[in-house]
Structures are given as C-alpha cells and as structure tokens.
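Step one of this worksheet: look at the structure below.
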Number of protein chains: 2
Amino acid sequence: MSAKPAFTRAEPDARRLSLIEACARVLARDGVAGVSVRAIALEAGVSPGLVGHYFAGVDALVAETYAHVEAQVSAAIDAALALAGPDPRARLDAYVTASFRPPVASGELLATWIAFWSLVRSRPDIARQHDEQYAFFRARLAGLLGDCGVPQAQLRYAAITLTALIDGLWLELCLSPQAFSAAEAIEIAQAALDTVISKGR
Amino acid sequence: MSAKPAFTRAEPDARRLSLIEACARVLARDGVAGVSVRAIALEAGVSPGLVGHYFAGVDALVAETYAHVEAQVSAAIDAALALAGPDPRARLDAYVTASFRPPVASGELLATWIAFWSLVRSRPDIARQHDEQYAFFRARLAGLLGDCGVPQAQLRYAAITLTALIDGLWLELCLSPQAFSAAEAIEIAQAALDTVISKGR
DNA sequence: TTGCTTGTTGGACGTTCGTACAACAAGTGC
DNA sequence: GCACTTGTTGTACGAACGTCCAACAAGCAA
C-alpha cells in the first residue's frame, strides 16, 4: 500500500522560486502589513521553518521578490519591443504602451514596489539594489531615445525626465485608477516623447 | 510638599497632535516596519493605552499623520508662492523649486507617504482620502497653469502631466539622492513647464 | 473643601511574530 | 536493501504585538 508522501523534495532553485511567488501573492492580496514568515509559508503550502532555510528574513525575501517581479516586468516590456519591430519611434511607443497596461500597470504589482521602497531607506544593500534597477531603467530608455535621434548630450536629462514621468503616471494610475485612464496616461507620455524627440532635432 | 504630577492633562486636540507628530517621527526614523502602538506611545512620552483612546488603530493614526504632514507640505508651497509675488510664471517656478527642496523633498517625508500608500489598496476610506488629496494637487497646479495662459481645454492634461512628473522626480530623488540632484530635478521640471506653457499659446 | 468628569495610566490578556532546533523522511549512491 | 545526505516538518520558546479595562488623579465647578 503506497501512502501519500508527507512532502515532496524540490530543487533548491524551484523551491526558492515558489516561495518568491508566494510572497508576491501575499503582497498583492494583503499588502505590506500581511507579509510574515508564516503567511508566506502557508501561501506556498510549506512549513514555516522552510522560509528561514532559504532566506535570511522577510526583508531578504521581499527584496528577491522585487527582483523577480521586476524581471517579469522587463520581460513584458522586451516582448512589447520585439513585437514593435525595428522602427525606433514605434519601439518607444511600444515601451510606453506596455508600461501602462497589465501586467506592468497593476495594483498587485504596486504592493511589491511599495514593500520594496519601504526598505530602501533603512537597508543600504537594498538601496543599492534600487539604484542599480533604476539606472537600468534609465539606460534602456536612453538607448531607445538615442535611436530616435536624441543627441548624446541630452540623453541623460531626457531619460530622467521620461522615467520620472512614466513612473509618476504609473504610480498614480495604480493608486487611483479612476483619476485618469491608462489610455490618457499613454497619450500624455507619448506627447512628452514627441517634445523630447523633436527638441533633439 | 508638592510632588511632581504623575501626568499632565492636555487639550484633546493638542494631545492628538502630539501623537501625530510622534507617529511622523517614528515613521521617519524606523519606516513602516517600526510603527506600532507602543513605539508611538513611547516616542510621545505617553502610555500605550492612550493611543487607542484617540485613534481607532495604527492605520487611522497613519492616515491622520499623512494628512498633517501633507498640510505642512502645502503650507510650505503656499509660502513659496506668496514669496514669489504675483507674476504667474514666477509662481510656477516657485512651486517647482519648493517641491524639490526641504522640507518637501526629504527621505523622512517619504516614509510617511509610503506608509500611507501601503494602506490605499486595502482601505476604501484611505483610498478616498488619497484621491481627494491628489485631486487637490492637480487643481492647484491647474490654477497656476491657467494663470500662465494654458487654455482651459488643455488644463486637465497639463496638470496630470506635471503632477506626475514632479511626483516621479520627487520620489526618485528621495529614494536615491545620488542618481540626480535637486537642482537637476528643478531644471527638468521647469523645462517641462516651458513646453506646456508655450504649447498653450 | 468637596464632588464630579474624564484624560491617563499601567498591566493583563490572548494572539501572532521570528527564530531555533531536534526529529523525520525523500531521494541518491552504492 | 542499506546507509547517507539533506530538504522538510512541526513545535517550543521568548518577545512584541493590539486590545481592553479597572483604577487613578488632574482639573474644574460649586
């Protein structure tokens, strides 16, 4: 008679991933306040002790969850870029459009971002992770802008400007979706693109 | 022989205010994770039970702290506007400049904002408070823009755009002050002002 | 001075937290 | 089939949490 196994032994990487995904779900459902070792273990269908076996603490797990979710966001944007083809301006438009549609713009994602932001000020390692992430955001956008003819000397300002604008629109859109629509956010961001690109010519 | 009083009885409004200020200090020092009834009471030099006597819970206290801190921010901006005199464009410049200098742009303030944001998704009353607050932000900016000649038909988009840009710059400036400087943020925001205003003419 | 109102205290209570660890069992190599 | 490694469990522990409330005392009215 074969009894059901008491647990299944997973590949370490797979188990880490399942815990990270469980953390993302808890953040999406209950926000920062709902995150705890036990809640995450319960969500992952795993005993509480296992969380400590893979992560130094909740903070570290949140930081890795942010990195994982951010990688998904980047993948979604890269997919949109690939779909847009080679035309530089079409690629920028695709970047903007993808930024304000699911899965990038969503209240569930916002919870992960906020949880991560709340750690930046007190944890130097997480501050560094944040800096690297946003430097990457700006660098990717600067590349797209350069392809559209924005001169090198203006790339830094242009990238900071558009990253901040998109970030601000994204944040307010996720926090209160009824203040303005995703379509309006796209329209606004593309108008800003027009200005930045035409100025550079 | 007059012994030292065991406690001093305060005006209800004054006591509420001291608790709100203590909450703001705890948020600034320890972030969202450090906020608890006991920590706030200790910071205010008051017994833990008193917090429950004035506020329904930590969430309500955080919401009122946000409102209070936001009122200080608005007061700082209004003071900058008053100092700028009557010229519409000078007033807009003052608005932007004040937005990126202390006390508006500061990591301590950010902690209060993040704590508040973390409550928006799960608490409908706090979501409403947020919506009203940002509607006010946009309305004030729309007023200043209208004084600069931006036509009525474009006021809504212009206000959304500039609020989002300033918000995004402010957020990234507070999170990682070394990515770009306050002076650069001011320069960027004023360039955006130029564009929006000249487009309207 | 006396009595009343009520802001305030401080601790009890049950819950939940993160951590640690001994025991267990799944999978692997031999 | 056996021993070994180690991923996994489940619990115990102390600390910290929010809530509650009886007792206390400051300040006011009479």
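Quick caveat, the model's predicted, so the values are computed rather than measured. Proteins get letters first, then strands, A, B, ... in listed order; numbering begins at 1 in each.
G52(B) comes within 4.0 angstrom of no nucleic acid atom, judged by non-hydrogen atoms across all strands. Residue contacts shown for V51(A) are absent, as no nucleic acid heavy atom lies under 4.0 Å away.
Position along DNA chain D of the nearest nucleotide to R38(B) versus H53(A) favours H53(A) as the more 5'-ward residue. Where G34(B) and Y54(A) each meet DNA chain D at their nearest nucleotide, the meeting point lying more 5' is that of Y54(A).
Applying the 3.5 Å distance criterion, the base of dG7(D) shares no donor-acceptor pair with the side chain of R15(A).
I114(A) contributes atom CD1, which lies 11.0 Å from atom CG of L109(A) (distance to the nearest 0.5 angstrom).
Atom pair L42(A):CG and dT16(C):C1' shows a separation of 14 Å (rounding to whole Å applied). The nearest whole Å value for the distance from the CD1 atom in I40(B) to the P atom in dT19(D) is 11 Å. Note: CG (L50(A)) to P (dT11(D)) measures 16 Å, nearest angstrom. Rounded to whole Å, the distance from CG on D59(B) to P on dG18(D) is 10 Å.
With dG18(D), dG18(C), dT9(C) as the candidates, the nucleotide lying closest to the side chain of S36(A) is dG18(C).
A side chain to side chain contact (heavy atoms under 4.5 Å, CB included) with V96(A) is found for one member of I186(A), I77(A), L165(A) and no other, namely I186(A).
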Derivation of the salt bridge (Lys or Arg N to Asp or Glu O under 4.0 Å) call for R123(B) and D125(B): CA-CA 6 Å; R123(B) 298 269 310 248; D125(B) 54 331; 3.2 Å; yes
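For F100(B) and W170(B), the ring centers are positioned 6.0 Å apart or more.
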